[in-house]
Amino acid sequence: MAHEVTLIPGDGTGPELVEATRRVLEATGVEFVWDRQEAGIDEYEAHGNPFPEATLASLVRTKVGIKGPTTTPVGSGFRSVNVALRKELDLYACLRPCKAYEGVRTRYPETDVVIVRENTEDLYAGIEFERGTEGNAQVRACLAEQGATVREDAGLSIKPISVFGSERIVEAAFDYAQRYRREKVTAVHKANIMKFTDGLFLEVARDVASRHPEIEFEDRIVDNLCNQLVSRPEEYDVLVLPNLYGDIVSDLCAGMIGGLGLAPGANVGAQAAVFEATHGSAPKYKGQNKVNPTALMLSGVLMLRHLAEETAADRTERAIADVIRKGEKVTYDLKPRRDDPTAVGTSEFADAVIEEMSA
Ligand code: NAD
């Protein structure tokens with residue numbers, strides 16, 4: 001039976017990356033019915049809304065989407081499509097597998113970790129009080145009543161971390177470990193300093209871990225984890241983190257496996273899942289058929305697994321890995337020198353993967 005999937009090209013380099021990925025996914029033989037929907041800055045400029053109702057409605061209906069990156073202009077009151085998506089569909093778990101493929105130049109070839117980042121709480125909840133506002137003054141007055149003094153010229157961001165949010169993200173990490181036969185889950189926190197938020201996260205993580213005795217569990221303080229990841233990456237497997245640490249450690253791990261062009265992602269909730277690369281829209285390369293589609297293609301592999309198309313997923317991942325290992329038909333970022341004239345474009349990389357799949 002064909003899978004109906006919402007296809008969101010996004011903006012910047014998104015449409016080129018999505019097209020390359022769509023061709024590879026179709027070459028697996030799995031049947032798709034694509035419901036193409038718009039989102040991003042081009043859609044905003046054309047119709048005044050970066051995230052149209054129709055796009056959300058499609059995702060609610062199909063429950064599965066693959067998305068190109070979308071630009072969020074800095075300081076413009078523009079609503080981030082990614083934040084809106086996560087909120088509207090309650091995509092509470094962000095999965096980011098970071099695996100170093102053979103042939104990629106990296107100092108950390110043993111890296112094979114999966115980041116499970118909480119997507120809805122923490123300092124990203126958007127609860128902020130601007131310096132000098134009435135709301136800010138009220139919160140400071142309330143804090144003063146509790147004996148906590150905050151300088152008058154301070155901006156405030158609130159960090160909510162709940163039992164509900166922590167429990168479902170740690171469960172998601174254990175589910176992932178179980179499903180993909182991973183051996184260990186590490187909970188990452190700063191509970192020594194933030195006792196009532198990160199401390200709560202750790203307490204809940206320990207409780208959830210006790211319900212999964214077949215999988216090893218440990219915890220690490222986030223700064224120590226960063227140190228250890230770049231010293232002994234092979235010791236880590238599945239990492240579960242609150243939102244902010246998850247964001248930062250994702251980019252660290254993307255760097256460790258050879259760059260943003262290689263890091264896939266999935267935003268998953270109880271009702272829907274949206275698959276997209278970790279990187280952004282790389283607008284300076286828009287329309288140049290230049291950037292690396294691997295991250296989005298590997299996000300497509302995650303989507304195939306989500307759709308229980310394991311054989312097609314394995315075949316696609318193997319073909320991508322083979323193209324990278326051979327190192328000939330790869331994009332500029334995977335060449336020893338970025339100005340290597342033998343680098344191929346986004347579309348030719350897709351051709352090479354398709355050729356490898358039928359070899
Ligand atoms: P970016 O990830 O778009 O690009 C930073 C640099 O990384 C690029 O200039 C390029 O050198 C490299 N790079 C990124 N993707 C690559 C690829 N596929 N192949 C090769 N090299 C690649 O980050 P940015 O410039 O900070 O953000 C641009 C826009 O994207 C911003 O508006 C940001 O808000 C948005 N963004 C969107 C998403 C998303 O849609 N999920 C995620 C992150 C950032």
Side-chain angles (χ1 to χ4, degrees), residues 6-21 24 37-45 50-51 55 59 65-87 89 91 94-96 98 101 104-106 115 117 119 124 243 246-248 250-255 257-268 273-300 302 320 323-324 330-335 337-340 343-350 353:
T6 304
L7 184 83
I8 305 170
D11 60 45
T13 53
E16 303 155 52
L17 296 168
V18 167
E19 178 56 14
T21 301
V24 165
Q37 297 289 340
E38 301 303 327
I41 197 152
D42 299 338
E43 179 60 18
Y44 174 74
E45 282 166 8
F51 185 42
T55 305
L59 286 165
I66 187 152
K67 172 183 169 295
T70 42
T71 304
T72 310
V74 176
S76 65
F78 181 102
R79 185 183 185 217
S80 158
V81 172
N82 302 308
V83 173
L85 251 176
R86 285 168 208 164
K87 280 206 165 141
L89 294 168
L91 304 175
C94 178
L95 306 180
R96 288 176 169 168
C98 293
Y101 287 96
V104 173
R105 281 153 30 89
T106 163
I115 290 167
R117 165 187 171 191
N119 241 351
Y124 284 60
N243 210 338
D247 193 11
I248 297 168
S250 291
D251 264 40
L252 171 68
C253 290
I257 61 164
L260 280 170
L262 294 158
N267 291 302
V268 183
V274 178
F275 297 83
E276 64 174 343
T278 296
H279 64 72
S281 56
K284 70 178 174 192
Y285 296 124
K286 178 181 177 175
Q288 293 180 25
N289 187 37
K290 185 175 169 81
V291 292
N292 187 352
T294 300
L296 193 60
M297 285 181 186
L298 289 173
S299 307
L302 296 177
I320 295 167
V323 170
I324 293 174
V330 294
T331 45
Y332 74 102
D333 54 313
L334 296 179
K335 291 286 186 183
R337 285 176 50 124
R338 293 203 152 210
D339 57 357
D340 188 324
V344 303
T346 309
S347 166
E348 291 71 29
F349 185 97
V353 173

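For ligands, and for the atoms within them, numbers begin at 1 and follow the listed sequence.
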Task: Contact (N/O only, under 3.5 Å) between Gly280 and ligand 1 - done: yes
Task: Which segment of Pro283 sits under 4.0 Å of ligand 1 when only heavy atoms are counted - done: side chain
Open item on the list: Starting from atom 18 (N) of ligand 1, what is the nearest protein heavy atom, named by residue and atom, and what distance separates them?
Closed with: Asn292 O, 2.9 Å
TODO: Note the single closest protein heavy atom to atom 39 (C) of ligand 1, along with its residue, its atom name and the distance in Å.
DONE: Asn82 ND2, 3.1 Å
- [ ] Not counting sequence neighbours, which residues clear side-chain contact (heavy atoms from CB on, under 4.5 Å) with Ile248? List them please.
- [x] Leu244
Task: Options Glu16, Glu276, His279, Arg338, ranked by nearest heavy atom to atom 15 (N) of ligand 1, top entry - done: His279
- [ ] Could you tell me whether Ala282 and ligand 1 have an N or O pair separated by under 3.5 Å?
- [x] yes
- [ ] Have a look at ligand 1 and work out which part of Thr72, if any, has a heavy atom under 4.0 Å from it: side chain, backbone, both or neither.
- [x] both
Open item on the list: Can you tell me which portion of Thr13 lies within the under-4.0 Å heavy-atom range of ligand 1? Options are side chain, backbone, both, or neither.
Closed with: neither
Open item on the list: Quick test: of every protein heavy atom, which one is nearest to atom 22 (C) of ligand 1, and how far off is it to 0.1 Å?
Closed with: Tyr332 OH, 4.3 Å
Open item on the list: Going by side-chain contact (heavy atoms from CB on, under 4.5 Å), Val268 matches just one of Leu91, Leu302, Leu95. Which one?
Closed with: Leu95
Open item on the list: Is atom 41 (N) of ligand 1 touching the protein, meaning some protein heavy atom lies under 4.0 Å away?
Closed with: yes
Open item on the list: Please tell me if atom 32 (O) of ligand 1 is touched by the protein, where touching means a protein heavy-atom distance below 4.0 Å.
Closed with: yes
Task: Counterpart residues, side chain to side chain donor-acceptor pair (under 3.5 Å), relative to Ser250 (two or more places apart) - done: Arg96
